[in-house]
There are 2 protein chains.
Amino acid sequence: MKQTQIVTPSNGMTPSRGPTPTKNRILDAAEALFMEHGFEATSLRQITALAEVNLAAVSYHFGSKEELFEAVLTRRLDPMNRERIALLTRFEREAAPEVLSCERVLTAMFIPALALARDRERGGQNFLRLLGRAYADPAPFIRRFLSEQYAVMILRFKAAFARSLPQLPKKELSWRLHFVMGALSYTLAGTDALKLIAALSPRDAGNDEMLLHRLAPFLVAGLKAPLPDLSEFDGGGVSARQAGGS
Amino acid sequence: MKQTQIVTPSNGMTPSRGPTPTKNRILDAAEALFMEHGFEATSLRQITALAEVNLAAVSYHFGSKEELFEAVLTRRLDPMNRERIALLTRFEREAAPEVLSCERVLTAMFIPALALARDRERGGQNFLRLLGRAYADPAPFIRRFLSEQYAVMILRFKAAFARSLPQLPKKELSWRLHFVMGALSYTLAGTDALKLIAALSPRDAGNDEMLLHRLAPFLVAGLKAPLPDLSEFDGGGVSARQAGGS
DNA sequence: CTAGCATTCAAACAAACGTTTAACTGAATC
DNA sequence: GATTCAGTTAAACGTTTGTTTGAATGCTAG
């Protein structure tokens, strides 16, 4: 039926006669519009109009609007997370037998995101905002998709962080990683939101590179923070113990 | 035409014959549904069905779907931000002539949010998630509304933070406040997202109180972090150096 | 009683939605 | 030259959307 995968004849035989592969035109348009208006607020007609393809092409190539959305995310997310893991592995190998520092682990998370943000040619800047938005979206299919996409990477990095912060209980680390992801995705999502707080020079806003370099020390300090006093929670009912672990 | 303000006869004259003021029923239903599905994905028909009122009542009482959304936010946000400012002022008065500590300023931000999270009777828990979602929404009318709602409070707190962190340049403080708001709203928005990272006991998830007590030390440490090395940005070149670390 | 007024209601509005259909294209395969 | 099949197309599918209308309702005041 569908699912044919365009051939992309990178060798010489067929001189790539097609104007542009429809599938990619749709993905590019969808990425731009999903980024700007979100999933629900973007219609397939807007997408196909911008992509200059037929409306039915979406159903044909992707099946549904939801599957299109997943394809838009996968296209960039999958390589980025793969890079993150590869980078972390390389860092660990280079540092061996020393344990990786917390900063270094965070760096392995940031560099691929940074590279994507810089890759203006292929949507970069905008895509990270789309991702940040997806993180806050409660739609079940988005949540399911994201946790599947991120599960491997998160577990890998959680283990690395645990090694570099041995004094931190497992549960506390989980929370702090959550905060890290929060600040990161919110920061990436909210170019507009910046104006809420800051009197920033126009040069600064939209400069994701500098942004992430400012974010990193903030997060590292947070990760290394002393443990919170949760005594008031132990006193009460079912005892929210703080995971003796270490 | 509209805008009549229900009388709420709290005294004895008319024994409150109306079953429930329509306006509040709509607000409650809208809050619950906007929280769960977001603004675009929630229809007025879902709202009026849940509220058990006529469809046209929304247009009559609020004018439009967008104005209803703003009313839902205002109802809780306005008092909360007023409380925040009042609390900060009280703290400052009590501490005078000493400067307020960074923790203390953050506490003034958190306590009203915490109180709202606890107020289960009036939507609390769910509302904070709705708010976190709104923060990530790029819809112009939402962005405009939020910055109007927050402008006063943010400026007030920014000044307070500046006093308690005198060594921090203004611009750096702006960024860090942005990160703080990011971690906060993402954390409040993402009860579901928690499961992405953590192996948390069911008791823990959804316990916003403990959550904020874990978040506070994380953010204080971030606010107090040493300044980042931004020398590479002064240089001018794009230079993808990989963040010295370790 | 009557007039005024705020509120509710069922019904309808045009517009836009995601998805499906069936006809058609054009190049490759036998 | 007929067949096959991935790809494209215009048109229509049945829903659902936010908003508007005009008549009904019930209370308050003159």
Side-chain angles (χ1 to χ4, degrees), chain A residues 1-9 11 13-27 29-30 33-34 36-72 139-142, chain B residues 1-9 11-27 29-30 33-34 37-72 139-142:
Chain A
M1 278 297 189
K2 49 192 169 181
Q3 189 73 1
T4 12
Q5 195 68 322
I6 285 162
V7 270
T8 56
N11 58 359
M13 280 315 244
T14 36
S16 79
R17 264 290 285 107
T20 324
T22 306
K23 218 167 165 178
N24 281 334
R25 296 177 62 87
I26 295 176
L27 283 173
L33 290 172
F34 282 149
E36 198 172 346
H37 307 114
F39 175 73
E40 300 281 355
T42 302
S43 73
L44 292 183
R45 283 170 174 86
Q46 293 172 40
I47 293 172
T48 53
L50 180 61
E52 295 180 277
V53 302
N54 188 276
L55 172 62
V58 172
S59 290
Y60 178 76
H61 285 287
F62 299 95
S64 68
K65 190 187 178 188
E66 295 194 354
E67 288 170 280
L68 168 61
F69 186 75
E70 296 181 2
V72 166
F141 88 95
I142 294 183
Chain B
M1 277 297 192
K2 48 191 171 182
Q3 189 72 2
T4 13
Q5 196 69 322
I6 286 163
V7 270
T8 56
N11 56 359
M13 281 316 242
T14 36
S16 78
R17 261 292 283 107
T20 324
T22 305
K23 218 165 166 179
N24 281 335
R25 295 177 64 87
I26 294 176
L27 283 173
L33 290 171
F34 282 148
H37 307 115
F39 175 73
E40 301 281 355
T42 302
S43 74
L44 292 183
R45 281 170 178 82
Q46 292 172 41
I47 294 172
T48 52
L50 180 61
E52 296 181 273
V53 302
N54 188 275
L55 172 62
V58 172
S59 291
Y60 178 77
H61 285 287
F62 300 96
S64 69
K65 191 186 177 187
E66 295 195 354
E67 289 170 280
L68 168 60
F69 186 76
E70 295 181 2
V72 166
F141 88 94
I142 294 182

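The structure presented is a predicted model; accordingly, all values stated were derived computationally and were not measured. Below, chains carry the letters A, B, ... as their sequence lines are ordered, and counting in each starts from 1.
- To the nearest angstrom, P of D:dT19 lies 14 Å from CZ of B:Phe69.
- Side-chain atoms of A:Ser59 never come within 3.5 Å of backbone atoms of A:Ser64 as a donor-acceptor pair (strictly under, hydrogens ignored).
- Separating the CD atom of A:Glu66 from the P atom of C:dC17 is a distance of 17 Å, rounded to the nearest angstrom.
- For the pair B:Tyr60 and B:Thr22, the minimum side-chain heavy-atom distance is 4.5 Å or more.
- The phosphate of D:dT8 (OP1 or OP2) has a side-chain N or O of A:Thr22 nearer than 4.0 angstrom.
- Taking each heavy atom of B:Ile47 and B:Leu68 in turn, the nearest pair found is CD1-CD2, 4.0 Å.
- For the segment residues 37-58 of chain B, the set of residues with a heavy atom within less than 4.0 Å of an atom of DNA chain C comprises B:Arg45, B:Asn54, B:Ala56, in numerical order.
- Nucleotide C:dT20 holds its C1' atom 18 Å from the CZ atom of A:Phe62, rounded to whole Å.
- Distance, B:Glu67 CD to D:dG18 C1': 13 Å, rounded to whole Å.
- Rounded to an integer number of Å, the gap from B:Tyr60 OH to D:dT25 P is 17 Å.
- At least one donor-acceptor pair closer than 3.5 Å links the side chain of A:Lys65 to the backbone N or O of A:Thr42.
- Look at A:His61 and you'll find a side-chain N or O under 4.0 angstrom from OP1 or OP2 of D:dT8.
- B:His37 has its side chain out of reach of A:Glu40: every pair of non-hydrogen atoms, C-beta onward, lies at least 4.5 Å apart.
- Of all non-hydrogen atoms in A:Glu67 and A:Phe62, the two that sit nearest each other are CB-O, 3.2 Å.
- Rounded to the nearest 0.5 angstrom, A:Thr48 OG1 and A:Leu33 CG are separated by 10.0 Å.
- Put simply, the side chain of B:Val58 does not reach to within 4.5 Å of the side chain of B:Val53, judged on heavy atoms.
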Inset, instruction - Map every base of DNA chain C to its dot-bracket character, where paired means a Watson-Crick or G-U wobble contact with both distances under 3.5 Å and | marks a partner outside the strand. - result: ||.|||||||||.|||||||||||||||||
